[in-house]
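Just so it is clear, the model here is predicted, and its values are computed rather than measured. Basis for what follows: all heavy atoms, side chains included, without hydrogens, waters or symmetry-related copies. Chain letters run A, B, ... following the sequence lines, proteins first, then strands; residues in each count from 1.
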2 protein chains.
Amino acid sequence: MDLQQNKKSENTAPCPFREAMDLISGKWTMSIINNLMTGKMRFKELERSVAGINTRMLVKELKELESKQIICREAFATVPPTVEYSLTEKGKALRPVLIEVQKWALNNPLNQDQL
Amino acid sequence: MDLQQNKKSENTAPCPFREAMDLISGKWTMSIINNLMTGKMRFKELERSVAGINTRMLVKELKELESKQIICREAFATVPPTVEYSLTEKGKALRPVLIEVQKWALNNPLNQDQL
DNA sequence: CAGTATCCGCGCTGATACTG
DNA sequence: CAGTATCAGCGCGGATACTG
């Protein structure tokens, strides 16, 4: 696979791996996806689950993930409003990635104080 | 696994998954690692392989990866100097992650123009 | 509840020049 | 070749206030 070229707005077809990495590299992306692995969640629920994130960032991330068809947004015209987020099939397909990262993280601690 | 808390300089033990993701999220990290999967490489060789990167960034990334024991740096007192970088076992252990990301990238294209 | 709007710092990143 | 040093910008991301 060609890992090269990455120019955002070029007409050259970008490398799919780099595109995937760019997505995954989002500061909150994988935490959000990981939370959604357990099922549908509401906005506030996510905001509480993804510790450290704030409203603006969560909105931004969710929009990006929705635009890339990783998650699905369902709004209900209730009072007060209800919005539910869930993973699409494409999103669920990220589970093996999550799992491998977690496996690696557990088997290969990064703490320098363990040297 | 606890995906929460991530404070850089806190005394609370951070979540290993978040730590791993923070590492992986580096803009050039996975490209470098991926290149090193094929074997030892010299500095200039890497700089050429990782398209778009510049000296400063490569140096920075390599130092970080070395400090985290992902890669190994070997310097030889030749003229001109020779430095070889290679993956440690910890680095090689990232291969399944790479593979899963690549698999996902190929099976789940992100291009909007494919909708 | 589920967002939007605005302000703002600082850190990542790139470009360029220089060194042993 | 394998880096180091310095400068500049701009965009990410946090905090806060407001809205339907």
Check your understanding: Does one side chain, of Ser86(B) or Glu74(B), offer a donor that lies under 3.5 Å from an acceptor on the other?
Key -> no
**Request:** Looking at every strand, decide which applies to Thr78(A) at a 4.0 Å heavy-atom threshold: base, sugar-phosphate, or nothing.
**Result:** nothing
Nearest-nucleotide check on DNA chain D, Gly26(A) vs Lys44(B); residue mapping nearer the 5' end is Lys44(B)
Arg42(B) atom CZ is separated from dC1(D) atom P, nearest whole Å, by 7 Å
ask   = Hey, is the side chain of Arg73(B) poking within less than 4.0 Å of OP1 or OP2 on dG3(D), counting only N and O atoms?
value = yes
Asn54(B) CG to dA17(C) C1', in whole Å, measures 13 Å
Rounded to whole Å, the CD-C1' distance (Glu47(B) to dT4(D)) equals 13 Å
note: Leu58(B), atom CG; dA15(C), atom C1'; distance rounded to Å ~ 16 Å
When Pro81(A) and Ser25(A) are each assigned the nearest nucleotide of DNA chain D, the 5'-most assignment goes to Ser25(A)
So does Arg56(A) reach the base of dG13(D) with its side chain, donor to acceptor, closer than 3.5 Å?
yes
Closest to the side chain of Met57(A), out of dT13(C), dG14(D), dA2(D), is dG14(D)
Item to check | salt bridge (charged side-chain N to carboxylate O under 4.0 Å, His left out) between Lys63(B) and Glu66(B), intermediate numbers included | outcome: CA-CA 5 Å; Lys63(B) 275 183 179 158; Glu66(B) 193 193 0; over 6 Å; no
To the nearest angstrom, the CZ-P distance between Phe76(B) and dC1(D) comes to 17 Å
Taking a pair to mean Watson-Crick or G-U wobble geometry with both distances below 3.5 Å, dG20(D) pairs with dC1(C)
Whole-Å distance, Ile53(A) CD1 to dG14(D) P, equals 8 Å
Considering every strand and a 4.0 Å limit on heavy-atom distances, what is the contact class for Tyr85(A): base, sugar-phosphate, or nothing? sugar-phosphate
Among dC1(D), dA2(C), dT13(C), the one nearest any side-chain atom of Lys60(B) is dT13(C)
To the nearest angstrom, the CD-C1' distance between Glu66(A) and dG3(C) comes to 13 Å
Here the distance between atom P of dC12(C) and atom CD of Glu61(B), to the nearest Å, is 11 Å
Here the pair of heavy atoms bringing Ser49(B) nearest to Met41(B) is OG-CE, 3.1 Å
At less than 4.0 Å, is any side-chain N or O atom of Lys27(B) found next to OP1 or OP2 of dG14(C)? Yes or no. yes
- Task: Ignoring backbone atoms, establish whether Lys63(A) has a side-chain N or O less than 4.0 Å from OP1 or OP2 of dT4(C).
- Result: yes
- Side-chain N,O (Trp28(B)) to OP1/OP2 (dG14(C)) below 4.0 Å: yes
Hey, does Met30(A) have a side-chain heavy atom less than 4.5 Å from the side chain of Ile24(A)?
yes
_The test is side chain to side chain contact (heavy atoms under 4.5 Å, CB included); show your working for Arg95(B) and Met37(B) and say whether it passes._
CA-CA 8 Å; Arg95(B) 172 167 266 143; Met37(B) 282 292 172; 3.7 Å; yes
